[in-house]
2 protein chains.
Amino acid sequence: MFSEEQNKLAKIAKVLGHPARIAILQYIIKSQSCICGDLVAEIGLAQPTISQHLKELKNLEIIKGTISGTSVCYCINQDNWKKINAIFSEFLNINNNNLNCC
Amino acid sequence: MFSEEQNKLAKIAKVLGHPARIAILQYIIKSQSCICGDLVAEIGLAQPTISQHLKELKNLEIIKGTISGTSVCYCINQDNWKKINAIFSEFLNINNNNLNCC
DNA sequence: CTTATTAATCGTAATATTGCAATATATAGA
DNA sequence: TCTATATATTGCAATATTACGATTAATAAG
């Protein structure tokens, strides 16, 4: 029903469409890397909830998690972050200057 | 619980997080302006469904609708499109190059 | 081996989203 | 005024999302 591009764009936007996931990404960037417990303390949602949001971010491959002892170290997947940035920029930078606007 | 910025970003992303709404935006850009019926014919969802998606896009003020006889002419709100682009670019262009990644 | 720590998963309740048929509203034209 | 056209709104069913307590799994430390 929709094009590959439309589905891809929407899928990315959907994952970014929750403030907790934005907060998680911003905190990971700020701290360079962190564990789930850091995010629970920082954001103030329950551990299973944070874990669930991390799972969605991992599914999008915008972050990656590395097991380190009993904890998991999360950081940005820089290559995919750049790809996602490129996909979004391409869409948002469409020149829609239009004198025929109603 | 979340910052103004986080909520704003998530709100924008959430609206963009459905392929029908991406398709609507792309079609409006391509055709410069169109009416609801054009989108129903183009996209293949029922008229109330398209109308509902248009409402969400209007709420975000990324599009605007002008009454023209019995129909409503929709086009991109260029100023707000640019603002949304700026908000997203600022977030996605954060330099997260990081050698301390786990 | 036992216990503590950390994160993931399961189960579930509350809420939100999506899609559409039916209906309402509003304007244009005969 | 009556009818046709275009869109919005309502109501509702199906599905998805969000949040969290309880539990599980996996590793580390004693």
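Just so you know, these numbers come straight off a predicted model, no measurement behind them. Naming convention: chains lettered A, B, ... in sequence-line order (proteins, then strands); numbering from 1 in each chain.
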Nearest whole angstrom, please: distance from the [atom2] of [N] to the [atom1] of [X].
X	N	atom1	atom2	value
A/Ile50	C/dA7	CD1	C1'	12 Å
A/Lys11	D/dA16	NZ	P	15 Å
A/Phe2	C/dT18	CZ	C1'	11 Å
B/Ile67	C/dA28	CD1	P	10 Å
A/Lys58	C/dA7	NZ	P	11 Å
A/His53	C/dA8	NE2	C1'	15 Å

How about CD on A/Glu90, more than 12 heavy atoms from neighbouring residues, nucleotides or ligands closer than 6.0 Å, or not? no

Residues passing the side chain to side chain donor-acceptor pair (under 3.5 Å) test with B/Asn59, sequence neighbours excluded, are none

Can you tell me if the side-chain N/O atoms of A/Tyr74 get under 4.0 Å from OP1 or OP2 in C/dT6?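 False: A/Tyr74 side-chain N/O out of range (4.0 Å or more) of C/dT6 OP1/OP2.
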
For [X] and [Y], work out which heavy atoms get closest and say how close.
X	Y	answer
A/Cys75	A/Gln32	CB-O, 3.6 Å
A/Ile24	A/Ile43	CG1-CD1, 3.4 Å
A/Ile63	A/Leu25	CG2-CD2, 3.6 Å

A/Asn77 side chain vs A/Lys64 backbone, donor-acceptor pair below 3.5 Å: no

Under 3.5 Å donor-acceptor, A/Asn85 side chain and B/Leu92 backbone: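 A pair under 3.5 Å: yes.
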
Could you run down the sub-3.5 Å N/O contacts of the protein with nucleotides 3-5 of chain C?
none

5'-most contact on DNA chain D: A/Ala46 or A/Ser68, nearest heavy atom basis?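 Per heavy-atom nearest nucleotide, the more 5' residue is A/Ala46.
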
Heavy-atom check, side chain of A/Phe88 versus side chain of B/Leu16, under 4.5 Å: yes

Where at least one partner belongs to residues 20-40 of chain B, residue pairs that pass ring-ring contact (aromatic ring centres under 6.0 Å, His included), sequence neighbours excluded: none

For DNA chain C, find the residues of residues 30-42 of chain B with a heavy-atom distance under 4.0 Å and give them by number; none if there aren't any.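 Listed by number, there are none.
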
Describe, in one word, how the ring planes of B/Phe2 and A/His18 are oriented to each other, choosing from parallel (under 30°), tilted (30 to 60°) and perpendicular (over 60°). perpendicular

For B/Leu45, which contact category applies under a 4.0 Å heavy-atom criterion: base, sugar-phosphate, or nothing? sugar-phosphate

Contacts under 3.5 Å, N or O only, protein and nucleotides 9-17 of chain C:
unit_1	atom_1	unit_2	atom_2	d
C/dT17	OP1	B/Lys14	NZ	2.8

Set of residues satisfying salt bridge (Lys or Arg N to Asp or Glu O under 4.0 Å) with respect to B/Glu56, sequence neighbours excluded: B/Arg21

